Amino acid sequence: MKRAILVPGVLLGMLGCTSIVGGFSGRNEACRIIAIGTSANATIVRLIDTGTTINQDPVVDFVLRVNGEVGESWEAHSKALVGRLDVASLQPGRVVPVKFDPKERTRVAMDLWECKK
């Protein structure tokens, strides 16, 4: 009897934690943009520490210079959970693949991590 209650409770708890982490890390928003976005490249301009860490990995707000078609570019922000060992490789000056919302091009997500489909 206890097992019948415990298993569903644990599964619901895990799903809730996944949703919370996705919200705090920016992953949920990034995956929505990646699903509908237009591909481009962006240069990392600056990193801003959000003060949030998840499993000792920082959540970083990236300031990006997005390079669109025909030489147009614009500044945008993208929040992402970054592994401690990856921080050094995501510094200002690095060019990264991004996707942006074609209807609101300031909504940008770095296209570096896989989203579940």
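From a predicted model like this one, the values you see are computed outputs, not experimental measurements.
When all heavy atoms of P102 and G37 are compared, the closest pair comes out as CD-CA, 4.4 Å. When all heavy atoms of I33 and K99 are compared, the closest pair comes out as CG2-O, 3.4 Å.
Rounding to the nearest 0.5 angstrom, the gap separating the CD atom in Q91 from the CG atom in L47 is 5.5 Å. I34 CD1 to D111 CG: the interatomic distance, rounded to the nearest 0.5 Å, is 4.5 Å. A distance of 9.5 Å separates NE2 in H77 from OG1 in T106, rounded to the nearest 0.5 Å. Between T38 atom OG1 and F100 atom CZ the span is 4.5 Å, to the nearest 0.5 Å. Atom CG in D86 sits 9.5 Å away from atom CG in L81 (nearest 0.5 Å).
No side-chain donor-acceptor contact under 3.5 Å links N41 to the backbone of N67. A donor-acceptor pair under 3.5 Å links the side-chain atoms of R94 to the main chain of S89, judged by distance alone. Remark: side-chain polar atoms of N55 are not paired, donor with acceptor, to backbone N or O of D57 under 3.5 angstrom.
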Test log, rule side chain to side chain contact (heavy atoms under 4.5 Å, CB included), inputs E75 and V63: CA-CA 7 Å; E75 191 170 283; V63 179; 3.6 Å; yes

Working for side chain to side chain contact (heavy atoms under 4.5 Å, CB included), residues Q56 and R84: CA-CA 8 Å; Q56 299 181 354; R84 292 184 317 250; 3.3 Å; yes

Side chain to side chain contact (heavy atoms under 4.5 Å, CB included) evaluation trace for V60 with D49: CA-CA 5 Å; V60 178; D49 184 359; over 6 Å; no

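Clustering ILVMFWY residues whenever any of their side-chain heavy atoms sit less than 4.5 angstrom apart, transitively, puts I44 in the very cluster that holds W74. Linking Ile, Leu, Val, Met, Phe, Trp and Tyr whenever their side-chain heavy atoms come within less than 4.5 Å leaves V66 and V95 in two separate clusters. V87 and M110 fall within a single hydrophobic cluster, where Ile, Leu, Val, Met, Phe, Trp and Tyr side chains are chained together by heavy-atom contacts under 4.5 Å.
Shown here are the salt bridge (charged side-chain N to carboxylate O under 4.0 Å, His left out) partners of E72, two or more places apart in sequence or in another chain: R105. Listed by chain and residue number, nothing satisfies the salt bridge (charged side-chain N to carboxylate O under 4.0 Å, His left out) test with D61 (two or more places apart in sequence, or in another chain).
Side-chain atoms of P92 and V45, non-hydrogen and from C-beta on, never get closer than 4.5 Å to each other. V96 places a side-chain heavy atom less than 4.5 Å from the side chain of L90. F62 places none of its side-chain heavy atoms less than 4.5 Å from the side chain of V108.
For E104, the CD atom sits in a packed shell: over 12 heavy atoms of surrounding residues, nucleotides or ligands are nearer than 6.0 Å.
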